[in-house]
Amino acid sequence: MSDLLTIADLGRDGLEAILALSERNDLGRPLAGKGVALVFQKPSARTRNSMEMAVVQLGGHPVYIQKDEVGLGARETAEDVARTLACFHEVVAARVMDHRDLERMAAAIDKPVLNMLSDRSHPLQALADLLTAKQLLGGLENARIAYVGDANNVCHSLAEACSLLGVPLSIAGPQGYGFSDEMEGVRQVADPAEAVQGANIVYTDVWVSMGQDEEAERRRQAFAPYQVTSELMAKGRDAWFLHCLPARRGEEVTDDVMESAKSAVWRQAENRMHTARGALAWMLGARP
Ligand code: CP
Ligand code: NVA
């Protein structure tokens, strides 16, 4: 049984295994009679619903836990919350403010811990992103992805996944909003048109992530030149548009791009459920 805190931890084999499992519907009921704790310190539509349905599809019972109920780090330490939930559940999944809380939880228990988004990474999202790209392009061999906007948690996990799988990724964002990790095959540039040139997938996410509200004005100004518009999309190679959602239409992306025939955001959202199922099965020991 394995934790899933970052994409990088999976290695190429683990990542490919989860993507393969995600396209199967014969994974059985490894969670029959068992629970999965879903702790949320931040709001969620896609992650909560995709995880609940994935747990049900694997025969288990999801328990949704809001932040004030367990008071991670406030009412009890991260370790004590994890130990408590491990008494009842086969997997402990959490969406946290601080990635270190996930590491502390994973260190405290033998049951697998799953990252449902942290300040640093969003591995479940990257799994759905890569599965969607693979389906749209008929394989990842010729994929070239441009990410335009904030090099945030979503971007970081996408970059780890692209790097592991050898998919070239160009990230365009303003000075001071990149990340410092060097990853093979990942380049960071300032010009959005340069990033999108030759890309067959263009991806963006919000400029102001959950918990960054006090930086909102400064961020909106810094990212204004990075809006994904039809004009920018036209610089790609008949590119598909992806967004992890929720989108702030009129900020990082225009309405017409979201609604265009090349927008695959709803397929990407649905893939959250299929990849959540694949990831849970893999954590419980399934292999393709
Ligand atoms: N993409 C994503 O994780 O959405 P939620 O925040 O709604 O779960
Ligand atoms: N970067 C966003 C992703 C939401 C799914 C956030 O952290 O709020």
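When a ligand or atom number is given, it counts from 1 through the structure's own listing order. The analysis underlying the following values was restricted to heavy atoms, covering all of them including side chains, and did not include hydrogens, waters or symmetry mates.
The protein non-hydrogen atom at the shortest distance from atom 8 (O) of ligand 2 is Met210 N, 2.8 Å. When only non-hydrogen protein atoms are considered, atom 4 (O) of ligand 1 lies nearest to Arg46 NE, 2.9 Å. Considering only non-hydrogen protein atoms, atom 3 (C) of ligand 2 sits nearest to Asp205 OD2, 3.6 Å.
When only interatomic distances are considered, the shortest N/O to N/O separation between Ser209 and ligand 2 falls below 3.5 Å. Considering both main-chain and side-chain atoms, Leu245 comes within under 3.5 Å of ligand 1 through a nitrogen or oxygen pair.
In the vicinity of His122, heavy-atom distances shorter than 4.0 Å reach the ligand 1 atoms 2 (C), 3 (O). For ligand 2, the atoms lying closer than 4.0 Å to a non-hydrogen atom of Asn153 are 1 (N), 2 (C), 6 (C), 7 (O). Every atom of ligand 1 is numbered from 1 in the order shown, and the set under 4.0 Å from a heavy atom of Arg95 is 3 (O), 5 (P), 6 (O), 8 (O). If you number the atoms of ligand 2 from 1 as listed, the ones under 4.0 Å from a heavy atom of Leu245 come out as 5 (C). Listed by atom number, the atoms of ligand 1 under 4.0 Å from Ala45 heavy atoms are 5 (P), 7 (O), 8 (O). Of all the atoms in ligand 2, the ones that sit under 4.0 Å from a non-hydrogen atom of Asn152 are 1 (N). Every atom of ligand 1 with a heavy atom of Arg272 under 4.0 Å away is listed here by number and element: 1 (N), 2 (C), 3 (O).
In this structure, Phe223 and Trp207 have parallel ring planes: the angle between them is below the 30° cut-off, well short of the 60° mark.
For the residue pair Glu23 / Gln135, a side-chain donor-acceptor distance below 3.5 Å is found, with atom types taken as modelled. Side-chain N/O atoms of His156 and Asp181 include a donor and acceptor closer than 3.5 Å. No hydrogens or angles considered: nothing links the side chains of Gln57 and Asn25 as a donor-acceptor pair under 3.5 Å. Side chains of Asn200 and Asp238: a donor-acceptor N/O pair is absent below 3.5 angstrom, by distance only. A donor-acceptor contact under 3.5 angstrom links the side chains of Ser170 and Arg187, judged on distance only. For Asp9 and Thr6, the side-chain atoms include at least one donor-acceptor pair closer than 3.5 Å.
Other residues, nucleotides and ligands contribute at most 12 non-hydrogen atoms within 6.0 Å of the NZ atom of Lys235.
Relative to atom 8 (O) of ligand 1, the option among Ser44, Cys244, Ser50, Ala269 with the closest non-hydrogen atom is Ser44.
At a 4.0 Å cut-off, not a single heavy atom of Leu117 sits close enough to ligand 1 to count as contact.
No side-chain heavy atom of Ile171 sits less than 4.5 Å from a side-chain heavy atom of Leu158.
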